[in-house]
Amino acid sequence: MPESIEIELYRRLAERALDRRVVEVDAPDAWFLKGGLTGEGLAHAVVGRRFTDARRIGKLLLLDTALPGQEGGGPTVGLRFGMTGRLLVDGVAGIDDLQYSSMRDEPAWDRVTFRLEGGGDLRIRDPRRLGGVQLDPDEGRLGPDVLSIAPAALRDALAGSTAPVKARLLDQARVAGVGNLIADEALWRAGVDPARPAGSLTAAEVRRLHKHLRTTVDELMLRGGSHTGDVYHSRAAGGTCPKDGTPMIRRTVGGRTTWSCPRHQR
DNA sequence: ATTGTGGCCTGCCCGC
DNA sequence: TGCGGGCAGGCCACAA
């Protein structure tokens with residue numbers, strides 16, 4: 001599913017749409033528009049403007065707008081992809097292989113399309129409609145981004161909490177961009193039990209988790225997705241730990257299906 | 001405030 | 001071969 005890794009790849013793809021005037025907006029699915037936004041409101045906000053910047057905070061993709069010849073001043077379009085949303089620019093997909101979604105070329109799943117001058121478009125295609133589009137989303141609600149979080153910031157995000165460390169990692173207000181697969185992979189690499197109270201981690205464990213969070217995201221980005229982790233294929237019945245061969249255990253932690261190694265994750 | 005739970009969405013997979 | 005019940009998880013509303 002799209003986590004920060006996939007959204008970052010989407011962001012890079014979205015840069016192809018920069019500095020091209022939006023000539024039309026097609027938003028056939030009212031449910032997909034969030035925060036009271038309507039199709040008319042979205043069209044009014046962006047038609048005649050161009051996207052000036054493609055930014056990302058966690059799993060939120062942000063497209064800034066401005067009138068031609070101006071630096072800014074237009075609203076910001078926020079795109080969320082849920083777990084099955086894909087971004088397409090000029091018919092090119094940002095991700096070839098998206099777990100739990102469908103790769104079928106099905107235009108009926110296009111929830112919002114921005115048509116650009118000279119042909120071409122930027123569209124969000126989401127079979128399960130778990131994503132959404134919003135104007136000027138509150139960026140302040142998101143914690144530091146996992147791609148750049150500092151050790152001290154991770155420490156602060158975990159300190160003093162009785163919630164499972166995995167739940168804290170998945171809380172976008174604490175750390176932005178960690179999804180279920182990255183959380184399981186990083187905790188597995190760091191040898192930390194996902195169910196441990198977040199505040200119970202020692203300083204050394206937090207440093208270790210920080211290191212593995214960062215390297216996990218970097219590596220999986222190079223490999224092409226959040227489903228390319230070392231432990232990914234062990235997240236199934238009968239799966240064994242790639243480190244020590246111990247049968248993996250499946251639990252619900254932080255409300256999410258969680259796979260971990262009972263031997264080396266402590 | 002913090003933490004946990006349930007529901008939303010629907011294509012796909014599995015077993016019958 | 002067709003059918004139907006679970007399943008997947010990001011996000012939000014709500015409860016305690």
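So you know, we letter chains A, B, ... as the sequences are listed, proteins then strands, and number each from 1. Scope of the values below: all heavy atoms of this structure, side chains included, with no hydrogens, waters or symmetry mates.
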Arg250(A) CZ - dC7(C) P separation (whole Å) = 8 Å
Output a table of donor-acceptor pairs, distance under 3.5 Å, between side-chain atoms of residues 39-52 of chain A and any protein atom two or more places apart or on a different chain; print 'none' if there are none.
unit_1	atom_1	unit_2	atom_2	d
Arg49(A)	NH1	Ala45(A)	O	2.7
Arg50(A)	NH1	Asp19(A)	OD1	2.8
Arg50(A)	NH2	Gln70(A)	O	2.4
Thr52(A)	OG1	Asp64(A)	O	3.4

task = Ignoring hydrogens and angles, tell me if any N or O in the side chain of Arg111(A) forms a donor-acceptor pair with the backbone of Asp126(A) under 3.5 Å.
result = yes
request  = Calculate the interatomic distance between Trp109(A) atom CH2 and dT10(B) atom P; express it in whole Å.
outcome  = 12 Å
key: Interatomic distance, Arg251(A) CZ vs dG9(C) P [rounded to whole Å]   = 15 Å
request  = Rounded to the nearest 0.5 Å, what's the gap from CD on Glu185(A) to OG1 on Thr216(A)? Could you check?
outcome  = 5.0 Å
ask   = Taking the side chain from Gln134(A) and the backbone from Val77(A), do they hold a donor-acceptor pair closer than 3.5 Å?
value = no
query = Can you tell me if the side-chain N/O atoms of Arg111(A) get under 4.0 Å from OP1 or OP2 in dC9(B)?
reply = no
inquiry  = Whether Arg12(A) and Glu15(A) form a salt bridge (side-chain N of Lys/Arg under 4.0 Å from carboxylate O of Asp/Glu) is what I want to check.
reply    = no
query = Taking NZ from Lys34(A) and P from dC8(B), how many angstroms apart are they, rounded to a whole number?
reply = 13 Å
Between the protein and nucleotides 11-13 of chain C, which nitrogen or oxygen pairs are less than 3.5 angstrom apart?
unit_1	atom_1	unit_2	atom_2	d
dC11(C)	OP1	Arg80(A)	NH1	3.4
dC11(C)	N4	Arg256(A)	NH2	2.5

message = Tell me the bend of the helix from dT2(B)-dA16(C) to dC16(B)-dG2(C) as the angle between end helix axes, each from five pairs, rounded to the nearest 10 degrees.
response = 40°
ask   = Are Arg129(A) and dG11(B) close enough that a side-chain N or O sits under 4.0 Å from OP1 or OP2?
value = no
Name every donor-acceptor pair, under 3.5 Å, that has one atom in a side chain of residues 246-254 of chain A and the other anywhere in the protein, sequence neighbours excluded.
unit_1	atom_1	unit_2	atom_2	d
Thr246(A)	OG1	Asp244(A)	OD1	2.8
Thr246(A)	OG1	Arg263(A)	NE	2.7
Arg251(A)	NH2	Asp193(A)	OD1	3.0
Arg251(A)	NH2	Ser260(A)	OG	3.0

message = With a 3.5 Å distance limit and no angle check, can you tell me whether Glu6(A) reaches the backbone of Ser226(A) through a side-chain donor-acceptor pair?
response = yes
request  = Please work out which residues in residues 145-164 of chain A have a non-hydrogen atom less than 4.0 Å from an atom of DNA chain B and list them by number.
outcome  = Ser161(A), Thr162(A), Ala163(A), Pro164(A)
message = Between Asp26(A) and Arg123(A), does any side-chain N to carboxylate O distance fall below 4.0 Å?
response = no
key: For atom CG of Leu169(A) and atom P of dG10(C), their distance in whole Å   = 13 Å
message = Output the rounded distance in Å from CG (Asp126(A)) to C1' (dC9(B)).
response = 9 Å
ask   = Just wondering, do Gln265(A) and Trp188(A) contact through their side chains at under 4.5 Å, heavy atoms?
value = yes
inquiry  = Does a side-chain N or O of Thr257(A) approach OP1 or OP2 of dG9(C) to a distance below 4.0 Å, or not?
reply    = yes
Give every donor-acceptor pair under 3.5 Å between a side-chain atom in residues 149-157 of chain A and any protein atom, sequence neighbours left out.
none

Distance, rounded to the nearest Å, where Met83(A) contributes CE and dC12(B) contributes P = 12 Å
task = May I ask you to decide if Gly131(A)'s main-chain N or O and Arg129(A)'s side chain share a donor-acceptor pair within less than 3.5 Å?
result = no
